[in-house]
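Start at 1 and go down the list; that is how both ligands and their atoms are numbered.
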Amino acid sequence: MSKDKYFDDQNIRPATQLVQGGRRPEWTGDPRLGGGVVNPPVWRASTILYDNIADMKGRGHATHDQLYYGRRGTPTVWALADALTGMEPGAEGTLLYPSGVAAIAAGLLALLSPGDHLLMVDSAYEPTRSFCNGMLARYGVETTYYDPLVGAGIADLITPATKLIFLESPGSLTFEVQDIPAIVAAARDRGVLTMLDNTWATPLLFPALAQGIDVTMMSLTKYVGGHSDAMMGSLTATRAVWPRLRQATYQLGHAVSPDDCALMLRGLRTLDVRMERHGANGLKVANWLAGRAEVARVLHPALPGDCGHAIWVRDFLGTSGLFGFTLKGADEAARTRFIDALAHFGIGFSWGGYESLVVPSDPAGIRTATAWTDSDPLVRLSIGLEDPADLIADLERGFAAMVG
Ligand SMILES: *Cc1c(COP(=O)(O)O)cnc(C)c1O
């Protein structure tokens, strides 16, 4: 599939956008100094100083790209938001949050009111569920969890109170691929908004707004940052939804550090090449695992045998490096021996960094709309930028240790 299909001749293509995004002359240079720097400098600020009272009053309604007060951002923050907006054809703007979870919570609070009904995918990231079951429930928003494979059947779950359908595809623990176009069509038909957790794919592999999603969210902590040293989240939205998100975000008081924005911008510049390598390395490892006797199932939508493969081929422009597999007939102790024996995979939450990671995961206790019946223990890998031959040799040592 071609990445060009979302970009007409007027628009620069994604790899170029990643290089140029956010580097506006007014953010990278000062005419009085006679030049500019490549990267938007780090503008640390709480207080902004005005020339005089008229200047202060004149900027009272400043929103995006005029300095007003630190919480409203500085050029470093605007540069990151601008660069993310540029990656998403059809976007009006991007808001930044101190974490991915904060972005999800702010988006849900912005779009839902007491008495509203939310349809939440059953494969969602666990803290997303926790926000729905906790704070949203306390504020009178009812959540119904739905089967990630529901497709057009979502129409049957929409009630007059349904205001939002939340999607995550592929699910970041279990990797089901949702039929996003079918769900979007049903939602639009009934005037329901859609919000997607697009952390796995990023707009490089799934331009969400071009596919009809209203709000797309990323944990920038993962692939955008890419170096496991900063946390942030983003919401990018269409023009219709944007004012509600911006107002709620101001009211909630979210602000992000300009230093962290500079780190995120640095990550963004190399996102295209890193994603390509994460995806290719991941596929090599996944294909090798699929041929091993110790493995029952590889949960990777880019493998032809995967249940989400056909939809993934239809909708996605490539693969990232996060996937899972199950250990055939193994027990908890064997899984632990396997993981503990790995030398090149750090044991840790998060993913999307340059270094490979492994975690055990147990989805059975999390689901409510669907049952996770696979009794073989699940392992999740985030494949980094190491040589995949070294990773494969490491996994082979893990299998040897499992027997022990
Ligand atoms: C990590 C993650 C989040 C939350 O992001 P944080 O930056 O850790 O708060 C949300 N969704 C998915 C799919 C994630 O993996």
Next item on the list: Go through T370 and D147 one step at a time and tell me if the side chain to side chain donor-acceptor pair (under 3.5 Å) criterion holds.
Entry: CA-CA 6 Å; T370 50; D147 183 345; 5.1 Å; no
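In this structure D259 satisfies the salt bridge (Lys or Arg N to Asp or Glu O under 4.0 Å) test together with R44, sequence neighbours excluded.
Judged purely by distance below 3.5 Å, without hydrogens or angles, the side chains of S228 and Y354 never pair a donor atom with an acceptor atom. A donor-acceptor pair shorter than 3.5 Å cannot be found between the side chains of W43 and T76.
Evaluation of the salt bridge (Lys or Arg N to Asp or Glu O under 4.0 Å) test over residues 170-187, restricted to residues two or more places apart or in two chains, returns E176-R367, D179-R314. Residue pairs meeting the side chain to side chain donor-acceptor pair (under 3.5 Å) criterion with at least one member in residues 288-304, sequence neighbours excluded: R292-E294, R292-E396, R297-D374.
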Kindly print each ligand 1 N/O atom paired with any protein N/O atom under 3.5 angstrom away, one pair per line, or none if nothing qualifies.
from	atom 1	to	atom 2	distance (Å)
ligand 1	5 (O)	S219	OG	2.9
ligand 1	7 (O)	G100	N	2.8
ligand 1	7 (O)	S219	OG	2.9
ligand 1	7 (O)	T221	OG1	2.6
ligand 1	9 (O)	G100	N	3.0
ligand 1	9 (O)	V101	N	2.9
ligand 1	11 (N)	D197	OD2	2.6
ligand 1	15 (O)	K222	NZ	2.7
ligand 1	15 (O)	W351	NE1	2.9

